[in-house]
Amino acid sequence: MTSEEFTLYRKKLDKTQKALSKLLGVSLKAVQSYEQGWRAVPLHIERKLLFLAVNQRREDNVKRKECWTIKKCACKKDCPAWEFQAGHLCWFLNGTLCECTSGQEGRDKMEICRECEVLTSLL
């Protein structure tokens, strides 16, 4: 996640740097450093920020589609996203069975998920 993207999501959440630092469990200086590009945004912080953005209360009340529906998944019943009924959070979970991320974890998985229609449709 770039510093510009980090700042964009903070603004979409309508949070000050101080308020976001409390939500993310990091110092105010860390948030400032991410936004200035002095420090790279760690994966766990990126995932928390995206989690907040995806789950923010909205006025439009659009129904979220589950990943197994979007991807027409054949192995959904073996996948953690199905087990925990978190089809809109598949990008947040490790061990998912999507054909594009199977066997991928951490940063490698997140790079794929950033471009995936499941996550992008929610942001």
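All values reported here derive from a predicted model rather than from experimental measurement.
- A distance-only check finds a donor-acceptor pair linking the side chain of Thr7 to the backbone of Ser3 [under 3.5 Å].
- Taken to the nearest 0.5 Å, the CG atom of Leu20 stands 11.5 Å off from the CG atom of Asp14.
- Atom SG of residue Cys113 and atom CG of residue Leu119 lie 7.0 Å apart, to the nearest 0.5 angstrom.
- Separation of atoms CD (Glu111) and SG (Cys116) is listed at 14.0 Å; rounding is to 0.5 Å.
- No donor-acceptor distance shorter than 3.5 angstrom exists from the side chain of Arg39 to the backbone of Ser33, with no hydrogens or angles considered.
- In terms of heavy atoms, Val118 sits closest to Ser121 at O-OG, 3.0 Å.
- Linking ILVMFWY side-chain heavy atoms closer than 4.5 Å, directly or via other members, places Trp68 and Leu122 in two distinct hydrophobic clusters.
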**Message:** Determine whether Trp91 and Thr96 satisfy the following criterion, side chain to side chain contact (heavy atoms under 4.5 Å, CB included), listing intermediate values before the conclusion.
**Reply:** CA-CA 8 Å; Trp91 54 271; Thr96 55; over 6 Å; no

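- Not a single donor-acceptor pair under 3.5 Å links the side chain of Lys15 to the backbone N or O of Arg10.
- Across all their heavy atoms, Pro80 and Asn94 have their closest contact at CG-O, 4.0 Å.
- The closest donor-acceptor contact from the side chain of Lys109 to the backbone of Leu93 lies under 3.5 Å.
- Considering all non-hydrogen atoms of both residues, Lys29 and Trp38 come closest at NZ-CZ3, 4.3 Å.
- Distance check, rounded to the nearest 0.5 Å: OH of Tyr9 to CD of Gln56 gives 12.0 Å.
- No donor-acceptor pair under 3.5 Å is formed between the side chain of Glu115 and the backbone N or O of Ile112.
- A distance-only check finds a donor-acceptor pair linking the side chain of Lys12 to the backbone of Leu123 [under 3.5 Å].
- When hydrophobic clusters are built by joining Ile, Leu, Val, Met, Phe, Trp and Tyr residues whose side-chain heavy atoms come closer than 4.5 Å, directly or via intermediates, Leu28 is not grouped with Val26.
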**Prompt:** Hey, mind stepping through Glu46 and Arg107 against side chain to side chain contact (heavy atoms under 4.5 Å, CB included) and telling me if it holds?
**Reply:** CA-CA 10 Å; Glu46 176 182 358; Arg107 287 216 176 271; 4.2 Å; yes

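- Taken from CD in Glu5 to CG in Leu50, the straight-line distance is 8.5 Å, to the nearest 0.5 Å.
- In terms of hydrophobic clustering, with Ile, Leu, Val, Met, Phe, Trp and Tyr side chains grouped at heavy-atom distances under 4.5 Å, Met110 and Leu97 are assigned to different clusters.
- Atom CD1 of Ile70 and atom SG of Cys90 lie 8.0 Å apart (nearest 0.5 Å).
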**Request:** Apply side chain to side chain contact (heavy atoms under 4.5 Å, CB included) to Leu49 and Leu13, showing your working.
**Result:** CA-CA 9 Å; Leu49 184 60; Leu13 290 169; 3.7 Å; yes

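- Across all non-hydrogen atoms, the minimal contact from Ala40 to Tyr34 is O-CE2, 3.6 Å.
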**Request:** Take Phe6 and Val31 through the side chain to side chain contact (heavy atoms under 4.5 Å, CB included) test and state the conclusion after the steps.
**Result:** CA-CA 9 Å; Phe6 186 91; Val31 169; 3.8 Å; yes

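- Using a distance-only test at 3.5 Å, with no hydrogens or angles considered, a donor-acceptor pair links the side chain of Glu66 to the main chain of His88.
- Among all heavy-atom pairs drawn from Phe51 and Phe92, the shortest one is CB-CE1, 4.0 Å.
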